[in-house]
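Beneath this line is the structure, given in C-alpha cells, with notes to follow.
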Amino acid sequence: GGGVVLLIKNTINYTSIKINSEEYAAAELVGIRILVNNSPIDIYSLYNPPECRLSMALLFQIAENSKDYILCGDLNAHTKHDNLNLSGRVLNNFILDSRSVSLNENNLPTYCNNSKDTSSEIDYMIASQNVAANLRSFEIIDDSELDSDHFVLLASIKLSESLTRSFVKTNMKINFNLANWSKFKSITENYNFVNTDDIEILNKSIINCLMQARNLSVPIINTIYNNR
C-alpha cells in the first residue's frame, strides 16, 4: 500500500482514533483526536489505492464519528467531470451529502506522472464546515526537494478558540468589506460541478461551491457572548 502517517508536535496531547479500515477494501487510515479548549477536533490521514473504489461507508463513518474533523490523503479520486472515476464520484457525493467542504482550490493538480508527462488532482483535504470556516490559507506546493511525484498540501487553520461551544452563543458575521472577490470569482468559475441531471444534486453542488468560495475568500468575524 501507500502507507499513512500523522506527525504530531510533542507538546500537543492527543488520543488515537480506532476505526477498522480493514473492512473497507485496501484503504489505510490513521486518526487522532486533539482538544482545543475542551472541544475535540479529529484529524485523519487516508490512503486509497488507485485500483480500489473509495468507500462511501468509511467516509461517512469518519464524518459521523467526528463533529469537527480534517481528512487528508491520497484518495486516487478524479473528481473533474471530464476525467471522473468511481472514487471521484464517491468523493463528490460524500462532500454534498455530508455537507463537508473540500479545501482544495480551483482543481489544481496535486500529482505529476513524470513518465507520462501528465498531472492530476488525487490528493485532498476535506473538512467539516466548522473547521473550514476557520481556514486562513490553503496552498499546493510543488517542492522538488522532497523527491516525490505528489505535491504538498498546506493548510493554515485557526484553532486558538473552540470551534463548537455548548455554553455560549456565537454570532457569525461575514466581513464583505475585506472579501477577495477576485479569488471568489476564480473559485466559482473553476469549481468542479457534478455532471448530473438530478436537480437536487445540482442544487447541493451549487451550495457547496458557494460555501467553499466564501470560506476561502471572505473573512468571518465571530462575536461570542454568554448564554445566560
Side-chain angles (χ1 to χ4, degrees), residues 1-49 52 54-77 87 90-91 93-105 110 122-140 150 152-170 172 208 211-212 215-216 220 222 224 227:
V4 289
V5 65
L6 285 172
L7 301 180
I8 309 150
K9 191 174 181 178
N10 56 15
T11 57
I12 297 177
N13 293 324
Y14 70 93
T15 56
S16 297
I17 299 173
K18 303 297 183 184
I19 291 183
N20 186 11
S21 60
E22 294 179 357
E23 299 177 8
Y24 306 102
E28 300 176 39
L29 177 71
V30 61
I32 63 166
R33 173 167 292 178
I34 62 174
L35 293 178
V36 178
N37 287 353
N38 295 320
S39 292
I41 300 175
D42 296 345
I43 304 172
Y44 298 90
S45 177
L46 172 65
Y47 173 71
N48 183 70
C52 295
L54 188 62
S55 170
M56 180 74 80
L58 177 58
L59 295 177
F60 267 102
Q61 187 174 351
I62 290 171
E64 292 169 359
N65 184 61
S66 313
K67 185 173 183 180
D68 291 317
Y69 74 92
I70 303 169
L71 168 66
C72 53
D74 176 3
L75 307 185
N76 280 296
S87 291
V90 169
L91 184 59
N93 289 333
F94 165 74
I95 291 173
L96 294 175
D97 294 342
S98 67
R99 301 190 62 138
S100 299
V101 178
S102 171
L103 304 186
N104 290 47
E105 187 179 343
T110 65
I122 59 175
D123 307 272
Y124 296 87
M125 277 193 184
I126 311 297
S128 60
Q129 290 187 20
N130 282 343
V131 173
N134 286 268
L135 180 70
R136 290 300 182 85
S137 64
F138 178 86
E139 56 183 320
I140 298 173
H150 291 260
V152 176
L153 277 61
L154 180 63
S156 174
I157 300 171
K158 180 182 178 183
L159 298 179
S160 59
E161 293 183 356
S162 171
L163 297 181
T164 56
R165 297 169 180 265
S166 59
F167 57 93
V168 296
K169 289 183 178 180
T170 301
M172 187 177 72
N208 191 68
M211 286 180 57
Q212 179 176 336
N215 290 337
L216 293 173
I220 295 174
N222 289 321
I224 303 170
N227 181 18

Minimum heavy-atom distance between [X] and [Y], given as atom pair plus value:
{"X": "Arg136", "Y": "Lys158", "result": "NH2-CD, 2.9 Å"}
{"X": "Leu58", "Y": "Ser55", "result": "N-OG, 3.0 Å"}
{"X": "Ala77", "Y": "Tyr124", "result": "O-OH, 2.6 Å"}
{"X": "Ile95", "Y": "Ser102", "result": "CD1-CB, 3.8 Å"}
{"X": "Phe138", "Y": "Leu103", "result": "CD2-O, 3.2 Å"}
{"X": "Ile157", "Y": "Leu135", "result": "CG1-CD1, 3.8 Å"}

How many angstroms lie between [atom1] in [X] and [atom2] in [Y], if you round to the nearest 0.5 Å?
{"X": "Asp42", "Y": "Ile17", "atom1": "CG", "atom2": "CD1", "result": "3.5 Å"}
{"X": "Arg33", "Y": "Tyr69", "atom1": "CZ", "atom2": "OH", "result": "13.5 Å"}
{"X": "Tyr47", "Y": "Asp74", "atom1": "OH", "atom2": "CG", "result": "5.5 Å"}
{"X": "Leu6", "Y": "Ser16", "atom1": "CG", "atom2": "OG", "result": "9.0 Å"}
{"X": "Ile62", "Y": "Ser128", "atom1": "CD1", "atom2": "OG", "result": "12.5 Å"}

Does any part of the side chain of [Y], heavy atoms only, come nearer than 4.5 Å to the side chain of [X], both counted from C-beta?
{"X": "Val4", "Y": "Leu46", "result": "no"}
{"X": "Phe94", "Y": "Ile126", "result": "yes"}
{"X": "Asp123", "Y": "Ile140", "result": "no"}
{"X": "Leu59", "Y": "Leu71", "result": "yes"}
{"X": "Asp68", "Y": "Val36", "result": "no"}
{"X": "Asn13", "Y": "Leu35", "result": "no"}

Just by distance, do the side chain of Glu139 and the backbone of Leu154 share a donor-acceptor pair under 3.5 Å?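 Answer holds: no.
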Could you tell me whether the side chain of Thr110 and the main chain of Ile122 form a donor-acceptor pair under 3.5 Å?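 Yes, the answer is positive, given that a donor and an acceptor are paired below the 3.5 Å cut-off.
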Any chance you could lay out the side-chain contact (heavy atoms from CB on, under 4.5 Å) test for Tyr44 and Ile19, step after step, and finish with the verdict? CA-CA 10 Å; Tyr44 298 90; Ile19 291 183; 3.8 Å; yes
Which is it for Asn48 and Ser87 under the side-chain contact (heavy atoms from CB on, under 4.5 Å) test, yes or no, and what are the steps along the way? CA-CA 9 Å; Asn48 183 70; Ser87 291; 3.5 Å; yes
Given side-chain contact (heavy atoms from CB on, under 4.5 Å), test Leu153 with Asn104 step by step and report yes or no. CA-CA 8 Å; Leu153 277 61; Asn104 290 47; 4.1 Å; yes
